[in-house]
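As structure tokens, the structure follows; a few thoughts come after it.
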Amino acid sequence: MNTPQFDLSAMLTQQTAVQQIPCEMLHPYHNHKFELYTGERLEDMVASIKENGVLSPIIVQPDGDGYEILIGHNRWNASKLAGLPSVPAIIKAGLTEDEAEMYVIESNVMQRGFENLRISEQAAAVALRHNEMFSQGKRNDILRELELLENPNAEVEESTLTPVGSKLDSGKTIGAEYGVSKGSVIRLIRINKLIDRLKALVDSGDIAIRTGVELSFLSEDTQAIVAECAEEDKIELKIAKMLRASAESDGYIDRDTVHNIIYGDDTEQTPKPKSVKISNYTYTKYFAEGTKPKEITETIEKALEFYFKNNT
């Protein structure tokens, strides 16, 4: 059974249906994982929009009384700063959650370059690419549309569009597409399983990628506890491995266990009792074969009590 493909001709027809949508009716995509422009790059975009307007329309989908931005978060943000009341937009209706996600992620990779994305952003792109929810036709149609939005005169060749499928979507295939190793692909897929607070620490370098991979095997509740600790003390790879091992062994680790593993058990340690061995000669001299240990202990205690009572 063939998977239904997008109607590309309908997509291209929709591209001409550009509408001016008030800025206040627009809001970011609910699962937007990408950092907006700041500093000089944002300032340049604001200046360009003030002078030339928004040259390329953003893409949105209806959401309640307004519209959710799929592509063009930076253009929308810069337009507001430039004082524009509205921005040109193409409205996409009837998209599935997976299709909307593909628009958001593929457009960011295309516009910014995979190597310029934060670790968490790369992880989101690789995880989606690795997921089998898209047929070859669906992803190719989206990529064609994005290419044509960027350059309406472009001729997009079929051979440049990489298919998605269980047989072709190996770590090696994805790594070749994004210019990273198969091992990096596997690590990025794990990083995508971290909660947002831990992803932010990976992006900042406070948590190393391999450490993040180990933490990704913890439940979200446990990750939240670890994140609280990680904001105060650096979590090293050794600690992350201990947390993962404890979780896999017990099925669940509570807050106290997490704290003990990260900070060490600060409770006062009771010193181990010292023991004294009795030589075989002494044993056989005073105790018959088969004497019970309890009897031996009681006899020695009485002997010591008598000795110290009479020699102090």
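If you read the sequence from its start, that first residue is 1, and numbering goes on from there. Below, each value reflects all heavy atoms present in this structure, side chains not excepted, and no hydrogens, waters or symmetry copies.
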Just distance, no hydrogens or angles: give the donor-acceptor pairs under 3.5 Å from side chains in residues 34-41, sequence neighbours left out.
from, atom 1, to, atom 2, distance (Å)
Y37, OH, R41, NH2, 3.2

Point to revise | Nearest atoms (heavy-atom pairs only) where I191 meets V213 | key: CD1-N, 3.9 Å
Point to revise | Minimum heavy-atom distance G212-L194, with the two atoms named | key: O-CD2, 3.4 Å
Study note, to complete from the structure: Sequence neighbours excluded, the answer for side chain to side chain donor-acceptor pair (under 3.5 Å) partners of D254 is T257
Check your understanding: Where the side chain of S249 meets the backbone of S246, is there a donor-acceptor pair that is under 3.5 Å apart?
Key -> no
Check your understanding: Short question: side chain of K199, backbone of N192 - any donor-acceptor pair under 3.5 Å?
Key -> yes
Exercise for review: In sequence, state the C-alpha distance, the side-chain angles, and the governing distance for S181 and S184, and then conclude on side-chain hydrogen bond (donor to acceptor under 3.5 Å, both in side chains).
Suggested key: CA-CA 5 Å; S181 68; S184 293; 3.0 Å; yes
**Study point:** Q122 side chain to F114 backbone, donor-acceptor under 3.5 Å
**Key:** yes
**Study point:** side-chain contact (heavy atoms from CB on, under 4.5 Å) involving S86 - partner list, sequence neighbours excluded
**Key:** Q20
Point to revise | salt bridge (charged side-chain N to carboxylate O under 4.0 Å, His left out) contacts touching residues 52-73 (sequence neighbours left out) | key: none
Check your understanding: Within the distance-only criterion (no hydrogens, no angle test), does the side chain of S204 pair as donor or acceptor with the backbone N or O of L201 below 3.5 angstrom?
Key -> yes
Review point. Are any side-chain N or O atoms of W76 and backbone N or O atoms of C23, one a donor and one an acceptor, separated by less than 3.5 Å?
Key: yes
Revision key, fill the gap. Sorted by chain and number, sequence neighbours left out, side chain to side chain donor-acceptor pair (under 3.5 Å) with E51 holds for none
Practice item. Please list, chain by chain and in numerical order, all residues satisfying side-chain contact (heavy atoms from CB on, under 4.5 Å) with A89, sequence neighbours excluded. Key: I21, I58, V60
Exercise for review: Write down the atom of M45, the atom of A78, and the distance for their closest heavy-atom approach.
Suggested key: CG-CB, 3.5 Å
Point to revise | Listed partners of D221 passing side-chain contact (heavy atoms from CB on, under 4.5 Å), at least two apart | key: S219
Review point. Counting distance only, does the side-chain N/O of R75 pair as donor-acceptor with the main-chain N or O of V54 below 3.5 Å?
Key: no
Practice item. Measure across V258 and T222 and return the closest heavy-atom pair with its distance rounded to 0.1 Å. Key: CG2-CG2, 4.0 Å
**Study point:** Test salt bridge (charged side-chain N to carboxylate O under 4.0 Å, His left out) applied to E236 - qualifying residues, sequence neighbours left out
**Key:** none
Check your understanding: Which pairs, with at least one residue in residues 203-212 and sequence neighbours excluded, count as a salt bridge (charged side-chain N to carboxylate O under 4.0 Å, His left out)?
Key -> R118-D203
Review point. In chain order, what residues pass the salt bridge (charged side-chain N to carboxylate O under 4.0 Å, His left out) check against E43, with sequence neighbours excluded?
Key: none
Revision key, fill the gap. Smallest heavy-atom separation, Q223 atom then K193 atom, equals NE2-O, 3.6 Å
Check your understanding: Between N310 (side chain) and F306 (backbone), is there a donor-acceptor pair under 3.5 Å?
Key -> yes
Practice item. Report, as yes or no, whether the 6.0 Å neighbourhood of atom CG on L237 holds more than 12 heavy atoms from other residues, nucleotides or ligands. Key: yes
Point to revise | Residue pair A230 / I207: nearest heavy atoms and the distance that separates them | key: CB-CD1, 4.2 Å
Practice item. Give a yes or no on this: more than 12 heavy atoms of other residues, nucleotides or ligands lie within 6.0 Å of atom NZ of K80. Key: yes
**Study point:** H259 side-chain N/O to C229 backbone N/O, donor-acceptor pair under 3.5 Å
**Key:** no
Point to revise | Contacts of type side chain to side chain donor-acceptor pair (under 3.5 Å), residue N31, not counting sequence neighbours | key: E101
Practice item. Go through the steps for E99 and K92 under the test side-chain contact (heavy atoms from CB on, under 4.5 Å), then give the verdict. Key: CA-CA 11 Å; E99 291 163 358; K92 293 287 183 183; over 6 Å; no
Practice item. Please name all residues satisfying side chain to side chain donor-acceptor pair (under 3.5 Å) with R244, sequence neighbours left out, ordered by chain then number. Key: E214, E248
**Study point:** Euclidean distance, I59 CD1 relative to L95 CG, rounded to 0.5 Å
**Key:** 9.0 Å
**Study point:** Residue E24 excluded, over 12 heavy atoms near CD under 6.0 Å
**Key:** yes
Exercise for review: Assess whether atom CD of E115 is packed by more than 12 heavy atoms of other residues, nucleotides or ligands within 6.0 Å.
Suggested key: yes
